[in-house]
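The structure appears below as structure tokens.
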Number of protein chains: 2
Amino acid sequence: MRQRGRNMQAEVLAALRRCGAPMSAYEVLDQVRDGNPRLAPPTIYRALAALIERGKVHRLESLKAFVACRCERHRHVPIFSICEECGTVEEAVSRDITNELSRIAGQSGFAPARHVIEVHGQCARCESKGAPA
Amino acid sequence: MRQRGRNMQAEVLAALRRCGAPMSAYEVLDQVRDGNPRLAPPTIYRALAALIERGKVHRLESLKAFVACRCERHRHVPIFSICEECGTVEEAVSRDITNELSRIAGQSGFAPARHVIEVHGQCARCESKGAPA
DNA sequence: AGGATTCATGTTATACTGTAACCTTTCTTG
DNA sequence: CAAGAAAGGTTACAGTATAACATGAATCCT
Ligand SMILES: [Zn+2]
Ligand SMILES: [Zn+2]
Ligand SMILES: [Zn+2]
Ligand SMILES: [Zn+2]
């Protein structure tokens with residue numbers, strides 16, 4: 001099954017890319033299940049774990065959801081802007097922030113290994129539409 | 001029950017402070033339940049939501065857990081260092097990071113409302129104990 | 001006082017998220 | 001082919017969170 005392994009990951013990644021927006025694991029399951037009626041949660045979670053490991057997918061901790069990476073850099077630190085109005089998610093990268101964050105954490109001798117940076121708020125479109133949170 | 005409202009929040013906050021480490025909602029439930037055998041999840045989640053609203057408690061998104069605030073500033077942006085070895089959590093504050101983060105997000109017209117910053121890694125003690133992750 | 005109101009909590013039930021453990025299939029290697 | 005590795009299938013469950021409605025205590029108003 002060496003082949004089918006990658007295929008499952010590919011299907012999951014394709015589903016996430018088609019959607020664009022963050023998806024819960026079970027939404028992914030529903031998408032990928034289309035045609036494979038026997039798909040169960042562990043399969044999806046395994047594929048997601050592998051994709052995250054490979055840097056192709058990020059998990060939005062504060063949303064319990066997953067998105068395809070849009071940066072295509074290897075193992076970067078993603079910074080997410082999450083619109084609480086429309087659900088849109090933007091992914092950014094800032095070496096400054098990563099460094100500063102490592103510096104702050106390192107002041108107490110802490111060795112950072114993984115960063116979670118998620119900013120909730122309102123996107124430009126929703127602001128201009130005059131939807132004051 | 002105007003009084004008991006605050007009391008429940010106080011009990012939850014006390015449990016979190018006694019523990020020091022992050023607790024899951026259900027761990028809090030078990031602690032607070034001591035003597036109140038009829039306590040159910042919604043009560044705890046409601047108290048936690050109120051405490052978070054009041055800035056007394058933070059939720060660690062990447063741990064699905066809660067901690068009492070140790071900064072005692074009103075509505076600050078907490079930065080958490082989470083040791084994956086021993087579970088210790090440190091809370092820090094950095095106006096620089098907050099500003100830079102707002103600047104990055106704001107480049108696309110995004111209006112930040114809530115920041116989630118959590119750094120996983122290894123604390124100084126665990127590093128010196130020679131536990132290379 | 002007496003009734004309406006409010007609000008925290010109690011209560012029940014359920015939805016959503018995630019994983020452990022074991023089995024089956026396929027592919028690789030010797 | 002036998003043995004082993006890797007991916008996925010399958011079952012079952014653990015953990016996290018909330019909806020919806022009932023209850024009881026304080027408050028407000030007349
Ligand atoms: Zn990315
Ligand atoms: Zn928006
Ligand atoms: Zn704090
Ligand atoms: Zn540690």
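Throughout, a chain's letter reflects where its sequence line sits, starting with A, and its residues are numbered from 1.
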Self-check item: salt bridge (charged side-chain N to carboxylate O under 4.0 Å, His left out) partners of residues 101-110 of chain B, not counting sequence neighbours, each pair once
Solution: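 Of all non-adjacent pairs touching residues 101-110 of chain B, those that pass salt bridge (charged side-chain N to carboxylate O under 4.0 Å, His left out) are E100(B)-R103(B).
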Quiz item: Are T43(B) and dG10(C) close enough that a side-chain N or O sits under 4.0 Å from OP1 or OP2?
Solution: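 For T43(B), the contact criterion (side-chain N or O under 4.0 Å from OP1 or OP2 of dG10(C)) is met.
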Quiz item: Do the side-chain N or O atoms of Y45(B) get closer than 4.0 angstrom to the phosphate oxygens (OP1, OP2) of dA17(D)?
Solution: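 Checking dA17(D) against Y45(B), a side-chain N or O does come within under 4.0 Å of OP1 or OP2.
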I'd like to know if the side chain of [X] and the backbone of [Y] have a donor-acceptor N/O pair within less than 3.5 Å.
| X | Y | answer |
| --- | --- | --- |
| R33(B) | L39(B) | yes |
| E84(B) | Q122(B) | no |
| E118(A) | E61(A) | yes |

Rounded to the nearest angstrom, tell me the gap between atom [atom1] in [X] and atom [atom2] in [N].
| X | N | atom1 | atom2 | result |
| --- | --- | --- | --- | --- |
| R54(A) | dA7(D) | CZ | C1' | 14 Å |
| L39(A) | dA7(D) | CG | P | 16 Å |
| L60(B) | dT16(D) | CG | P | 13 Å |
| E27(B) | dA17(D) | CD | P | 12 Å |
| L48(A) | dA7(D) | CG | P | 15 Å |
| Q9(A) | dA7(D) | CD | P | 8 Å |
| I44(A) | dT17(C) | CD1 | C1' | 14 Å |
| L63(B) | dG18(C) | CG | P | 13 Å |

Quiz item: Strictly by modelled atom types, are H120(A) and S62(A) linked by a side-chain donor-acceptor pair under 3.5 Å?
Solution: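 The criterion, which ignores hydrogens and geometry beyond distance, is satisfied for S62(A) and H120(A).
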[X] has a side chain; which of [options] sits nearest to it?
| X | options | result |
| --- | --- | --- |
| P42(B) | dA17(D), dT12(C), dT19(C) | dT12(C) |
| A40(B) | dT11(C), dT16(D), dG8(D) | dT11(C) |
| R38(B) | dT19(C), dG10(C), dT10(D) | dG10(C) |
| R46(B) | dT10(D), dT9(C), dG18(C) | dT9(C) |

Quiz prompt | Difference in axis direction between the ends of the helix from dA1(C)-dT30(D) to dG30(C)-dC1(D), five pairs, 10° | solution =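 For the helix from dA1(C)-dT30(D) to dG30(C)-dC1(D), the axes at opposite ends meet at about 20°.
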Quiz prompt | Near-strand residues of residues 14-24 of chain A, defined as heavy-atom separation under 4.0 angstrom from DNA chain D | solution =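 None, since no heavy atom is under 4.0 Å.
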Practice problem: Measure distances between side-chain N and O atoms of Y26(B) and base N and O atoms of dA14(D), and say whether any donor-acceptor pair falls under 3.5 Å. | Solution: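 Donor-acceptor pair under 3.5 Å: no.
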Quiz prompt | Contacts of type side chain to side chain contact (heavy atoms under 4.5 Å, CB included), residue S24(A), not counting sequence neighbours | solution =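 Side chain to side chain contact (heavy atoms under 4.5 Å, CB included) list for S24(A), sorted by chain: Y26(A), E27(A).
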Self-check item: E127(B) and R125(B): CA distance, side-chain angles, deciding distance, salt bridge (Lys or Arg N to Asp or Glu O under 4.0 Å) verdict
Solution: CA-CA 5 Å; E127(B) 269 176 288; R125(B) 261 168 50 89; over 6 Å; no
Table please: side-chain donor-acceptor pairs of residues 43-53 of chain B below 3.5 Å, with sequence neighbours left out.
none

Quiz item: Between H76(B) and H58(B), what is the ring plane arrangement, given parallel below 30°, perpendicular above 60°, and tilted in between?
Solution: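 Answer is tilted, since the angle falls between 30° and 60°.
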Quiz item: Tracing side-chain links under 4.5 Å among I, L, V, M, F, W and Y, which residues wind up in one group with V116(A)?
Solution: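 Via sub-4.5 Å side-chain contacts, V116(A) links to V116(B).
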